[in-house]
2 protein chains.
Amino acid sequence: MDTTQRTEQQRSADRRRRELLEAADRVVLRDGPGASMNAIAAEAGITKPILYRHFGDKGGLYAALAKRHTDALLASLRAALDAPADRRERVEATLDTYLAAIEARPQVYRFLMHPAEGGQNDQGFDVGVHSAPLLRRLGEELAQVIEERVDLGPDSERVARVWGHGIVGMMHAAGDWWLGERPCSRAELVRILADLLWGRLAAVADKLGGPGF
Amino acid sequence: MDTTQRTEQQRSADRRRRELLEAADRVVLRDGPGASMNAIAAEAGITKPILYRHFGDKGGLYAALAKRHTDALLASLRAALDAPADRRERVEATLDTYLAAIEARPQVYRFLMHPAEGGQNDQGFDVGVHSAPLLRRLGEELAQVIEERVDLGPDSERVARVWGHGIVGMMHAAGDWWLGERPCSRAELVRILADLLWGRLAAVADKLGGPGF
DNA sequence: CACTCCATGTTACCGCTAGTAACATATGCT
DNA sequence: AGCATATGTTACTAGCGGTAACATGGAGTG
């Protein structure tokens, strides 16, 4: 088997794959997470079976699409997390980076959060990476950073992972709600969330007359 | 117009509606969130159009179903939140109650978290309350409790709502991950999450030699 | 009793979706 | 040339949410 042939064709296939992904991206950006395979194929100027040959099934296409955006977002977040500043500033920068990303492209964001829900095909579905790959990846990533950088004593791995997923979930839920209602500026949201992580809930006083909290 | 007849019929309709909801519950418990209207109708011993007459569309049925479970869960959480103990103990009890609930019925829980994703019908879909009603309700509820009970100074409403949604998101994401991987006991998870809310992330020291966090 | 009203129930259909089989065509390697 | 490989098509299946049209059975009224 000659290598040249394989390489040539594979390059062509990869290029095509990238073009298809970009078309899919445009459609998702326009139509949201419910974008159909037909619509994506039409945007790419082709028909459905080609998409299926490249990506297997809808889940495959969505996974490939999600990976691109997730990688990009993760890169931004890592930059914020690695900035030369103290811990509080870095946490705030990371929160702000995430919120800015979902604010800039809400459609993509909605797609990333609910990628595997678009079908009636539940049995026979490979339940491996199904629910919210972006959140899981972010959680694991943050867990790793935490465990690398702070001293959590014994059980540090477990603690770091719980915190990683917990913080990511906090960021996500607050961001989702904020994106829908826009109750305050991004900077303010960041500050309030950082206050929460800094233990202000434990520190503030009970309201007078109430049952306490 | 006679009142007796109307009441009679309405009672009958309500009884029927409850039966249908219980059948739907069984199916969702068995088949997960992707349960089809056909399956639910079959379980109830009838056919689709009756479901549609009672609930309008799939979203209506799912909303009614979700409301039942959400109300039940909210009642448990409120009880934990109102227990006579100090703030930390109450927060831990609330976290534990939530985690115990999702641990006991993972199928129902998955359904509650992703109720409105089961169809191809995105245009024509009333995008009102679509994404994750349970999380939103929990967030708002917690926000209200927080604002009632602790003294947050000016902007207390905004702060309380951000915290409410943030904490609920933290609980949800950590619970989701924990339910999938079971990396530790429930009690341990609760303790680690409460530590996070109590500001331990801000308090712990950098690891020696690292870039700091 | 006949007559209307209303809810319950059915069958049969629509338009849409994800996914596939069968067939046609070009391009490049041997 | 011949062969493999990737690209492309049309035409189809099975299942979904949702609806129209029609049938039935009991409550209240002349």
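Letters A, B, ... are given to chains in the order of the sequence lines, protein chains preceding strands, and every chain is numbered from 1. Basis for what follows: all heavy atoms, side chains included, without hydrogens, waters or symmetry-related copies.
Salt-bridge formation is not detected for the pair A:Arg26/A:Asp31: no Lys NZ or Arg NE/NH1/NH2 atom is positioned less than 4.0 Å from an Asp or Glu carboxylate oxygen.
Between the side chain of B:Arg53 and the base of C:dG9, a donor-acceptor pair under 3.5 Å is found. Judged by distance alone, with hydrogens and angles left aside, B:Arg16 brings no side-chain donor or acceptor close enough to the base of C:dG9 to form a pair under 3.5 Å.
For the pair B:Ile40 CD1 and D:dG17 C1', the interatomic distance rounds to 12 Å; values are reported in whole Å. Distance A:Asn38 CG to D:dT9 P: 12 Å, rounded to the nearest Å. Distance OH (B:Tyr52) to P (D:dG18): 4 Å, rounded to an integer number of Å. Atom NZ in A:Lys48 sits about 13 Å away from atom P in D:dT13, given to the nearest Å. If you measure from atom CD1 of B:Ile46 to atom P of C:dA7, you get 16 Å, rounded to the nearest angstrom. When the P atom of D:dG17 is taken as reference, atom NZ of B:Lys58 falls 4 Å away, rounded to whole Å. Between B:Leu51 atom CG and D:dG18 atom C1' the separation is 12 Å, expressed in whole Å. A straight line from CZ of A:Arg15 to P of D:dT7 spans 10 Å, rounded to a whole angstrom.
A donor-acceptor contact shorter than 3.5 Å is absent between the side chain of A:Arg158 and the backbone of B:Cys184. In this structure, B:Arg110 contributes its side chain and B:Pro33 its backbone to no donor-acceptor pair below 3.5 Å.
Each of B:Ile50 and A:Met37 has a nearest nucleotide on DNA chain C; the 5'-most of these lies closest to B:Ile50.
At the heavy-atom level, B:Thr47 lies under 4.0 Å from base atoms of the strands shown.
The cationic group of A:Arg161 does not satisfy the cation-pi geometry with A:Trp163, failing either the under 6.0 Å distance to the six-membered ring centre or the 45° limit from the ring axis.
Taking side-chain N and O atoms only, A:His54 has a distance below 4.0 Å to OP1 or OP2 of D:dT7.
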